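Taking it in order: structure first as structure tokens, then the write-up.
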Number of protein chains: 2
Amino acid sequence: MATTILVVDDEKRLVSLVEAYLAQEGFRVVTASNGREALFLARQEKPDLIILDIMMPEMDGYEFMRLHRKEYQTPIILLTARVEDDDKIIGLELGADDYVTKPFRPRELTARIRAVLRRTGQTEPTATVLRRGDIILDRESHTVKVGNQFVDLTPSEFDLLAALMSSPGKVFSRLDLLDRLQGTRYEGYERTIDVHIKNLRGKIEPDPRSPHYVKTVYGVGYRFTRD
Amino acid sequence: MATTILVVDDEKRLVSLVEAYLAQEGFRVVTASNGREALFLARQEKPDLIILDIMMPEMDGYEFMRLHRKEYQTPIILLTARVEDDDKIIGLELGADDYVTKPFRPRELTARIRAVLRRTGQTEPTATVLRRGDIILDRESHTVKVGNQFVDLTPSEFDLLAALMSSPGKVFSRLDLLDRLQGTRYEGYERTIDVHIKNLRGKIEPDPRSPHYVKTVYGVGYRFTRD
DNA sequence: ACTATTCTTCATAATATCTTCATAACTTCT
DNA sequence: AGAAGTTATGAAGATATTATGAAGAATAGT
């Protein structure tokens, strides 16, 4: 059974963003937009971890934690809007296992998730290795092999490649990919992706001038070859 | 602390054979040649797993299990001389976790050991001696040799190096490494790792300015060289 | 309680990466 | 072929991350 993560936040955009990349990371994701719904889902789905926004209407994160913790010890990662110490202290006192301040990048969230899962003795998500043709990408060890040659990628290059390889043949718009890199920290300029792709190609393509792995789809975006 | 295995058999030859092999695999091994001695050693050493011969003079395997299980739930693998169902059934009923019939090949035994340890949630055996290139790290004696020169490491430096060397090429995040040092303690500050790494490099790297063993992976963490 | 060692924090210097921008190259459409 | 729009590319500035020295805090040993 895949590791299940419950994401609780009233902001639709944030929820779907988090859901998208956690799914891509190999987690099973269920979502709730308020505390009551979350309590219900937690009972039903028995998630391995909960990602919880503190600021929610109706029932806030603290209240949810209090109620949930009466029955379960599920590890919880808090999403806090501000960087004030108050949040940290209160949240951790109530039994949260870690916290991430908004805005955050996907990479930061998944790093914390993995750390918490390891700390609480859960299993890693299953699909940690992506293998397409000659390219092997291992999320856990954060290594990429082309043929039998390791290549060093920057964080952005690595995340882009992981996204593309997660669904070979699927076209990702630059906006999709930008979300992937920047998450809720959204200030980006789509052309940035072009540059990352160029640099990535320079590292993994035998002939970067006519790419074999990462193809351009004119007017739409990029995709990993499906062959 | 290395995973400890208690081997109980009255055949000296078999015991030393198994002992040698398991030691080579990175386990810590203690041995007993009869039931009484085994009970004593089990109390004293608190082994993570017991390998037990059924056929022994004085106190046989079944009797040992009965007495031992009054106090402990240590997983037990039985060594049975014959392939008869009787042994299997009785043994497993008494609470053995697996059994291996003699004669057996070393690799079969270790495979079963690992399977049982995994099943019962024990930690994988951590090889006592890690040897990568010019660096030799011995967990038991807590010593590190670079070339033929012993170097003195602080506890933190030693643990960091051991973690990194346990999976060369794998990138460890600062959070990962902090957990190794501090366990579940929470107040850790990731930058602390940087300093330990710097100090570690100063002790093991020929040229700490351009490290050969402990590499930095920008934006992610550190790894031991995979070459 | 004192000393020596180790650990952590902090400030700043050194690097690597990311983003932007200008321009060249390419695609598509007419 | 030409026009319009899109993508590729090299380079430079902005940003983020890591390395480092040093000082204070914590810990262990005597």
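Fair warning: this is a prediction, and the values are worked out from it, not measured in the lab. Throughout, protein chains are lettered first and strands after them, A, B, ... in sequence-line order, and every chain is numbered starting at 1.
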Checklist entry - Would you say the side-chain atoms of B:Ser156 and B:Asp159 include a donor-acceptor pair closer than 3.5 Å? => result no
Using a cut-off of strictly less than 4.0 Å, decide whether [X] has a side-chain nitrogen or oxygen near OP1 or OP2 of [N].
| X | N | answer |
| --- | --- | --- |
| B:His196 | C:dT6 | no |
| A:Gln182 | C:dT19 | yes |
| A:Ser156 | C:dT17 | no |

Measure the distance from [atom1] on [X] to [atom2] on [N] and round it to the nearest whole Å.
| X | N | atom1 | atom2 | answer |
| --- | --- | --- | --- | --- |
| B:Phe158 | C:dT5 | CZ | C1' | 18 Å |
| A:Leu200 | D:dA8 | CG | P | 12 Å |
| A:Leu160 | C:dT17 | CG | C1' | 13 Å |
| A:Lys203 | D:dA8 | NZ | P | 17 Å |
| B:Asn199 | C:dT8 | CG | P | 11 Å |
| B:Ile193 | C:dC10 | CD1 | P | 16 Å |
| B:Asp152 | C:dT5 | CG | P | 11 Å |
| A:Glu157 | C:dA16 | CD | C1' | 11 Å |

Checklist entry - Between A:Asp138 and B:Arg226, is there a salt bridge with N-O shorter than 4.0 Å? => result no
Item to check | ring-ring contact (aromatic ring centres under 6.0 Å, His included) partners of residues 136-155 of chain A, not counting sequence neighbours, each pair once | outcome: A:His142-A:Phe158
Checklist entry - Taking only residues at least two apart or on different chains, which pairs with a member in residues 201-222 of chain B satisfy ring-ring contact (aromatic ring centres under 6.0 Å, His included)? => result B:Tyr213-B:Phe224
Item to check | Which residue lies more 5' along DNA chain C, comparing B:Leu153 with A:Leu153 via nearest heavy atoms | outcome: B:Leu153
Checklist entry - A:Lys203: what forms a side chain to side chain contact (heavy atoms under 4.5 Å, CB included) with it, not counting sequence neighbours? => result A:Leu153, A:Thr154, A:Glu157
Item to check | For A:Ala111, side chain to side chain contact (heavy atoms under 4.5 Å, CB included) partners two or more places apart | outcome: none
Set out, line by line, the N/O atom pairs under 3.5 Å between protein and nucleotides 16-21 of chain D.
from	atom 1	to	atom 2	distance (Å)
D:dA16	N3	B:Tyr218	OH	3.2
D:dT17	O4'	B:Tyr218	OH	2.8
D:dT17	O3'	B:Gly219	N	3.3
D:dT18	OP1	B:Arg174	NH1	3.4
D:dT18	OP1	B:Gly219	N	2.7
D:dT18	OP2	B:Arg174	NH1	3.4
D:dT18	OP2	B:Arg191	NH2	2.9
D:dT18	O5'	B:Arg174	NH2	3.4
D:dA19	OP1	B:Arg201	NH1	2.8
D:dA19	OP1	B:Thr216	OG1	2.4
D:dA19	OP2	B:Tyr222	OH	2.5
D:dG21	N7	B:Lys198	NZ	3.4

Checklist entry - By ring-ring contact (aromatic ring centres under 6.0 Å, His included), which residues pair with B:His68, not counting sequence neighbours? => result B:Phe64, B:Tyr72
